[in-house]
Amino acid sequence: MNPLRLLFTLLLCAATSHAAPLTGRLAYIQNGAAYVVSLPNGKPAKLPQSGNTFLVSIAPTGGSVLYFNQLKADCRAYLSRPPYKTARRLDKPFDRFKPDFAQWTQSGAAVLLASWEESYLFRPTSGTSLRFPDSQAALSRDGKQVAFATEKAIKLRRIGDKSERVLFSVARPQPLFAALKRAKYPKNLHDLQSAISPDSWKDATMWNFGSLAFSADGKTLRFACNAGIGAGAAGNTTYCWFACDLKSGRLAALSKLGALYSRLPANVQLSPDGAKLLYVTSVHSSAIDNPSAVSVLDLRTQKEIALSKLTTAKKYDTNLVYGACWSPDNRAVAASALYYSTENVLKQENWQPRDADYTLYLRDLNNRTLRAIPGAVAPSWGRGRDEG
């Protein structure tokens with residue numbers, strides 16, 4: 001083949017692969033209601049009885065959508081399945097329980113609903129729920145384990161036999177300190193280690209944990225921690241990512257990534273292929289300036305990919321993020337962001353961000369916008385009908 005023709009063919013193939021259409025079902029909140037759209041070209045369907053929705057979550061497979069509506073004194077929860085023409089209202093405790101996030105098993109057979117006060121493992125088919133009096137919970141993909149981060153410890157509980165054990169306790173922090181010392185590539189870890197002292201770590205209130213995430217096989221739990229060095233009044237602190245082997249309990253620091261500085265990572269989600277972590281962080285500068293970052297951590301290389309620059313407009317100097325999630329094919333992230341100018345906000349009295357001011361960006365891991373949905377927040381993304 002002619003070399004120029006071969007080069008043209010390769011470039012055409014590359015362009016075609018980059019232009020592969022988005023797939024799956026994307027759920028989000030817009031104008032106070034819950035919607036589901038089948039990508040790439042489906043028409044958004046408004047879910048029944050979804051007014052004043054504050055949380056929507058779609059199962060990884062099967063298309064079941066769970067959503068919560070805010071009322072004056074309580075809330076209402078609904079479950080809708082394709083083709084989303086009807087919805088089933090859920091009974092107690094979901095008439096009073098207001099979750100902050102939802103996490104499904106891989107099969108969609110169960111979902112963990114967690115708030116800062118308590119958590120429930122709900123099974124849509126049977127309608128049964130199991131209560132956990134803990135916050136900051138994470139569910140394994142097979143639904144057999146739940147991990148919790150309290151103010152003083154990280155715990156692991158098996159669902160079947162209800163057994164529980166402590167993986168890490170601030171009362172015995174030496175294993176975590178030892179993990180920092182074993183780090184082979186201590187990038188920026190000196191900033192963290194040099195701040196560790198008995199005056200701080202012996203006080204349980206000085207410890208901070210981020211959201212938890214199981215590995216795909218359920219054998220490892222990853223979390224971020226500030227090693228008991230304390231945090232500012234607004235939550236800014238230096239921290240490191242750790243991995244806990246659930247069989248041995250051994251801790252290891254993700255030292256290639258090194259120590260980072262911000263609020264502790266929230267909304268941590270493992271990619272469908274189990275190779276990357278998605279998380280959201282923010283840094284407090286002032287009451288109206290809390291810039292957020294959407295990041296992806298490649299667990300094989302420990303390289304961090306920053307996806308926070310969802311727009312290039314220079315007139316904005318800060319931002320907020322309202323939800324982020326993976327695409328089911330691992331190649332994109334959906335994140336809803338609001339970019340604004342602090343100078344303009346200061347001119348407004350009692351400024352409050354509105355959902356309508358956000359834009360939901362669907363971006364690949366090269367920071368290219370694949371689609372934008374104005375006024376949409378709180379995304380959740382599951383597989384489509386014909387996907388494996």
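No experiment lies behind these values; they were computed from the predicted model shown. Heavy atoms only: backbone and side chains are in, while hydrogens, waters and symmetry mates are out.
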Does Arg182 use its side chain to pair, donor to acceptor, with the backbone of Leu251 at less than 3.5 Å?
yes
Nearest-0.5 Å distance that lies between atom NZ in Lys276 and atom CG in Leu299
8.5 Å
Please check if any side-chain donor atom of Asp317 sits under 3.5 Å from a side-chain acceptor atom of Ser341, or the reverse.
no
Please find the pair of heavy atoms, one from Cys244 and one from Gly249, that lie closest to each other, and give the distance.
SG-O, 3.9 Å
Using 4.0 Å as the upper bound for N to carboxylate O, is an ion pair formed by Glu117 and Arg131?
no
Is any side-chain heavy atom of Asp357 less than 4.5 Å from a side-chain heavy atom of Tyr322?
no
Taking all non-hydrogen atoms of both residues into account, name the closest pair between Ala227 and Leu180 and its distance.
CB-CD1, 4.3 Å
Give a yes or no on whether the backbone of Ala33 and the side-chain of Asn31 come within a donor-acceptor separation of less than 3.5 Å.
no
Please report the C-alpha distance between Leu277 and Trp241 in whole Å, then the side-chain angles of each, then the deciding distance to 0.1 Å, and finally whether the side chain to side chain contact (heavy atoms under 4.5 Å, CB included) criterion is met.
CA-CA 11 Å; Leu277 284 182; Trp241 280 95; 3.9 Å; yes
Could you grab the distance from atom CZ of Arg76 to atom CG of Asn52, nearest 0.5 Å is fine?
10.5 Å
Verdict with supporting geometry, Leu66 and Val111, side chain to side chain contact (heavy atoms under 4.5 Å, CB included):
CA-CA 9 Å; Leu66 187 64; Val111 57; 4.0 Å; yes
Check Leu22 against Arg331 and note the closest heavy-atom contact, atom names and distance.
N-NH2, 3.6 Å
Aromatic centroids of Tyr28 and Trp381 separated by under 6.0 Å
no
What orientation do Phe94 and Phe97 show, parallel under 30°, tilted 30 to 60°, or perpendicular over 60°?
tilted
Okay, side chain of Trp326, backbone of Pro272: is any donor-acceptor separation there less than 3.5 Å?
no
With no hydrogens and no angle check, do the side chains of Ser282 and Arg263 hold a donor and an acceptor under 3.5 Å apart?
yes
Would you check if there is a donor-acceptor pair between the side chains of Ser197 and Asp199 at a distance under 3.5 Å?
no
Side chains of Leu278 and Val294, heavy atoms from C-beta outward: is any pair under 4.5 Å?
yes
Testing the 3.5 Å rule here: is there a donor-acceptor pair between the side chains of Asn208 and Asn226?
yes
If only atom types and distance count, is the side chain of Thr238 paired as donor or acceptor with the main-chain N or O of Leu192 below 3.5 Å?
no
For Tyr78 and Tyr67, take the angle between the two ring planes, folded into 0 to 90°, and tell me which bin it lands in: parallel under 30, tilted 30 to 60, perpendicular over 60.
parallel
Check: Gln145 side chain, Ile159 main-chain N or O, donor-acceptor pair, under 3.5 Å:
no
So, Asn366 side chain and Arg368 main chain: donor-acceptor pair closer than 3.5 Å or not?
no
For Asn319 and Leu338, indicate whether the former's side chain and the latter's backbone hold a donor-acceptor pair under 3.5 Å.
no
Closest contact, heavy atoms only, Phe101 versus Ala137:
CZ-O, 3.1 Å
Tested for ring-ring contact (aromatic ring centres under 6.0 Å, His included) against Phe148, the lone hit among Phe132, Trp116, Phe168 is Phe132
Is the number of heavy atoms from other residues, nucleotides or ligands within 6.0 Å of CG (Asn41) greater than 12?
no
Donor-acceptor pair between Asn290 and His284 side chains, under 3.5 angstrom
yes
Taking it one step at a time, do Asp95 and Lys92 satisfy salt bridge (charged side-chain N to carboxylate O under 4.0 Å, His left out)?
CA-CA 5 Å; Asp95 56 347; Lys92 295 180 179 179; 5.3 Å; no
Look at the side chain of Thr150 and the backbone N and O of Lys152, then say whether any donor-acceptor pair between them is shorter than 3.5 Å.
yes
Tell me whether Lys98 forms a cation-pi arrangement with Phe68, defined as NZ or CZ under 6.0 Å from the six-membered ring centre and within 45 degrees of its axis.
no
Any chance you could measure Asp217, atom CG, to Ser140, atom OG, to the nearest 0.5 Å?
10.5 Å
Would you check, one step at a time, whether the test side chain to side chain contact (heavy atoms under 4.5 Å, CB included) holds for Tyr361 with Ser336?
CA-CA 6 Å; Tyr361 297 93; Ser336 186; over 6 Å; no
If you define the side chain from C-beta out and look only at heavy atoms, does anything of Ile154 sit under 4.5 Å from Phe223?
yes
Output yes when a side-chain donor or acceptor of Ser327 lies under 3.5 Å from a complementary backbone atom of Ala332, and no otherwise.
yes
Got more than 12 heavy atoms from elsewhere within 6.0 Å of CD, Glu151?
no
Between Ser129 and Phe122, is there a donor-acceptor pair closer than 3.5 Å when you use the side chain of the first and the backbone of the second?
no
I'd like to know if the side chain of Asn267 pairs up with that of Gln269 as donor and acceptor (distance under 3.5 Å, no hydrogens or angles considered).
yes
Shortest non-hydrogen separation from Val283 to Ser262 and the atoms involved
CG2-CB, 3.6 Å
Does one side chain, of Tyr358 or Gln30, offer a donor that lies under 3.5 Å from an acceptor on the other?
no
